[in-house]
Amino acid sequence: MPNRLVVRREPDELQLRLKPASKRKADDFHDRYQRDRITDWLSLAIEKAGRDDEWLALYEQEARLTHSYERLVRYLIDTQHYEDAQRWAQEGISRTREQWPGIASNLAQQLAEVAKGRKQWELVAAHAA
């Protein structure tokens, strides 16, 4: 069984790996991919350390740096923060639709989930059409 102190410090060590990567270009696919993988590991370490209150800030920071809006919006939908999910999905669509249309398309689908979570059936139908 891992030492609880070690587990609590692992997210801090991974967070340090993200800082140098922030100087890279957000539009470079390889750099974005590498940073996203580090963020995935950091997210897992945060969960294992019981520091769940740190997820939102991490996901918000990374959404703007790596266009990982989908992960942030998914988290917000899963935690039923529909207003924030809608706002971030709309920002993500506007910032990715030109260069990364696949991301924008997935965010549009997530907006349908937001409407479903808010029980806005007319919007759910509009997204389905």
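Not measured: the values here are computed from a predicted model.
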Straight-line distance of [X] [atom1] to [Y] [atom2], nearest 0.5 Å:
{"X": "Leu107", "Y": "Ile103", "atom1": "CG", "atom2": "CD1", "value": "7.5 Å"}
{"X": "Leu44", "Y": "Trp41", "atom1": "CG", "atom2": "CH2", "value": "6.5 Å"}
{"X": "Tyr33", "Y": "Asp31", "atom1": "OH", "atom2": "CG", "value": "13.0 Å"}
{"X": "Leu56", "Y": "Gln61", "atom1": "CG", "atom2": "CD", "value": "11.5 Å"}
{"X": "Thr79", "Y": "Asp52", "atom1": "OG1", "atom2": "CG", "value": "11.0 Å"}
{"X": "Leu65", "Y": "Thr39", "atom1": "CG", "atom2": "OG1", "value": "9.0 Å"}

For [X] and [Y], work out which heavy atoms get closest and say how close.
{"X": "Ala63", "Y": "Leu72", "answer": "CB-CD2, 3.9 Å"}
{"X": "Thr66", "Y": "Arg32", "answer": "O-NE, 2.7 Å"}
{"X": "Ile93", "Y": "Ala108", "answer": "CD1-N, 3.8 Å"}
{"X": "Tyr82", "Y": "Val114", "answer": "O-CG1, 3.6 Å"}

- request: Take Asn106 and Val73, measure what side-chain contact (heavy atoms from CB on, under 4.5 Å) needs, and give me the verdict at the end.
  value: CA-CA 10 Å; Asn106 290 338; Val73 173; over 6 Å; no
- prompt: Taking atom types as modelled, is there a side-chain donor on Tyr59 or Ser43 under 3.5 Å from an acceptor on the other?
  reply: yes
statement: Those residues at least two apart in sequence (or on a different chain) that pass salt bridge (Lys or Arg N to Asp or Glu O under 4.0 Å) with Arg74 are Asp78, Glu113
- prompt: Using the ring of each side chain (for Trp, its six-membered ring), is His67 parallel, tilted or perpendicular to Trp100, with breaks at 30° and 60°?
  reply: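 If you compare the ring of His67 with that of Trp100, the planes turn out tilted.
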Please list, one pair per line, the donor and acceptor atoms closer than 3.5 Å that link side chains of residues 115-124 to other protein atoms, with sequence neighbours excluded.
from   : atom 1 : to    : atom 2 : distance (Å)
Arg118 : NH1    : Gln86 : OE1    : 2.4

message: Any salt bridge linking Glu62 with Arg71? Criterion: basic side-chain nitrogen under 4.0 Å from a carboxylate oxygen.
response: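 Salt bridge between Glu62 and Arg71, a charged N being under 4.0 Å from a carboxylate O: no.
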query: Does the distance from a Lys or Arg side-chain N to an Asp or Glu carboxylate O, for Arg87 and Glu83, drop under 4.0 Å?
result: no
statement: side-chain contact (heavy atoms from CB on, under 4.5 Å) with Tyr69: of Gln110, Arg64, Gln90, Glu60, only one passes, and it is Arg64
